[in-house]
There are 2 protein chains.
Amino acid sequence: MKFSKKSEYGLRALLELCETYGGRVLQRHEIAERQNIPVEFLEQILLALKRAGLLASRRGMRGGYALIKSPDDITLGQVIRILDGPLAPISCVSKTAYQKCADCPYAAKAACPLQQAMGEVRDAIANILDHYTLSRFAHTKLAEGSSC
Amino acid sequence: MKFSKKSEYGLRALLELCETYGGRVLQRHEIAERQNIPVEFLEQILLALKRAGLLASRRGMRGGYALIKSPDDITLGQVIRILDGPLAPISCVSKTAYQKCADCPYAAKAACPLQQAMGEVRDAIANILDHYTLSRFAHTKLAEGSSC
DNA sequence: GAAGTTGTCTAGTGAGTTGCTCAAGATTTT
DNA sequence: AAAATCTTGAGCAACTCACTAGACAACTTC
């Protein structure tokens with residue numbers, strides 16, 4: 001029940017890109033250095049986010065990446081789904097990638113306890129992440145005493 | 001962001017064991033057949049649940065497994081943690097298996113946006129699963145039209 | 001007390017995923 | 001043209017997942 005490094009790095013990269021939103025572009029090595037992410041791996045992540053329409057890029061000298069959607073219009077849920085796939089804890093409750101489970105004896109009966117429970121979990125996760133905007137994410141201030 | 005087959009099988013096995021709670025024991029092959037689970041794999045799962053104190057077992061002829069805690073006192077959260085480890089989506093927000101993240105630049109600052117967001121997710125998941133008892137789980141009736 | 005039936009334990013294994021690296025190419029600026 | 005940057009695709013070691021196998025221990029029944 002873990003999120004991948006890919007998602008984690010992706011979100012941390014977007015944190016940097018948020019700060020320069022509307023301004024200059026950021027190069028991969030800048031993001032990588034500030035956020036402690038292996039450059040070549042970060043590259044793949046930025047590319048994925050670009051293909052998904054969140055980022056624009058320019059090549060050559062003075063090139064780099066920039067956010068092209070407002071941080072208000074991007075949610076953590078979107079980002080995680082791009083980088084990690086569906087949020088649902090088991091695929092028979094996924095709304096974005098539903099798949100009938102093969103071996104479940106309740107599958108035919110329309111009364112699967114697992115589906116009920118995991119559905120609730122899915123909804124709770126989606127409810128948080130699909131309403132958590134990047135701008136709120138970027139302006140987080142934790143309470144005193146927290147440690148990461 | 002998925003639960004393992006181990007958890008899924010474990011929960012489905014407990015569904016069977018709930019039905020005979022207080023009565024007879026169930027043998028691994030009975031559970032395996034009814035729930036469509038590979039026997040030897042199921043074995044490991046039952047053993048883990050036994051070591052965790054949820055199940056008792058008897059060897060030899062007429063042997064088998066039985067629940068030894070009331071289904072009211074077992075939650076899905078407990079079971080999943082036994083079989084799958086901590087619920088937290090990243091380990092720096094786990095309450096049962098906290099680990100400082102190595103590469104996060106916010107780690108020292110007590111203001112990690114990721115920790116904040118993932119903490120909310122963790123709490124939401126735990127809030128559902130730690131209050132979802134096995135007896136409620138076993139008596140699930142889904143609404144019409146659902147499919148698993 | 002021997003035979004047969006069950007759980008117990010440890011180790012292994014094939015397929016797939018994760019996290020990351022590398023190299024060659026395309027595009028832009030200077 | 002040269003240098004800097006993004007782009008693409010391939011590769012790979014380590015790990016995890018889902019499962020299998022086999023030897024062993026304990027219990028029941030005859």
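Side chains are part of it too, since the values below use all heavy atoms of this structure and drop only hydrogens, waters and symmetry mates. Naming: A, B, ... by sequence-line order, numbering from 1 per chain.
As rounded to whole Å, 10 Å separates atom P of D/dC6 from atom CG of A/L42. One can place CD of B/Q27 at 15 Å from C1' of C/dT8, the figure rounded to the nearest angstrom. Residue A/E33 contributes atom CD, which lies 11 Å from atom P of D/dT5 at whole-angstrom precision. The separation between B/K5 atom NZ and C/dT17 atom C1' is 17 Å, rounded to whole Å. Between A/E8 atom CD and C/dG19 atom C1' there is a gap of 12 Å when expressed in whole angstrom units. B/Q35 has its CD atom 14 Å from the P atom of D/dC19, to the nearest Å. Atoms CZ (B/R12) and C1' (D/dA18) sit 14 Å apart, rounded to a whole Å. Atoms CG (B/L47) and P (C/dT6) sit 17 Å apart, rounded to a whole Å.
Of the possible polar contacts, none joining the B/Q116 side chain to the A/F137 backbone as a donor-acceptor pair under 3.5 Å is found. With A/Q27 contributing its side chain and A/G63 its backbone, the two residues share a donor-acceptor pair below 3.5 Å.
Contact annotation: B/K50 does not reach the phosphate of C/dG7 (side-chain N/O to OP1 or OP2, under 4.0 Å).
Using a cutoff of 4.0 Å between basic side-chain nitrogens and carboxylate oxygens, B/R24 and B/E30 are scored as salt-bridged. In summary, A/E16 and A/R12 do not engage in a salt bridge, as defined by a charged side-chain N under 4.0 Å from a carboxylate O. Contact check on B/D84 versus B/K5 returns no salt bridge, with no Lys/Arg side-chain nitrogen under 4.0 Å from an Asp/Glu carboxylate oxygen.
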**Request:** Can you check each nucleotide of nucleotides 21-30 of chain C against protein heavy atoms at under 4.0 Å and return B for base, S for sugar-phosphate only, - for none, in 5' to 3' order?
**Result:** BB---BBBSS
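Side-chain proximity of A/R51 to the nucleotides D/dT8, D/dT7, C/dG19 is greatest for D/dT8.
Using a 4.5 Å cut-off on side-chain heavy atoms (C-beta onward), A/L55 and A/L17 make contact.
Side-chain contact annotation: B/D72 with B/T133, donor-acceptor N/O pair under 3.5 Å absent.
Map B/S57 and A/K6 each onto its nearest nucleotide of DNA chain C; the residue landing nearer the 5' end is B/S57.
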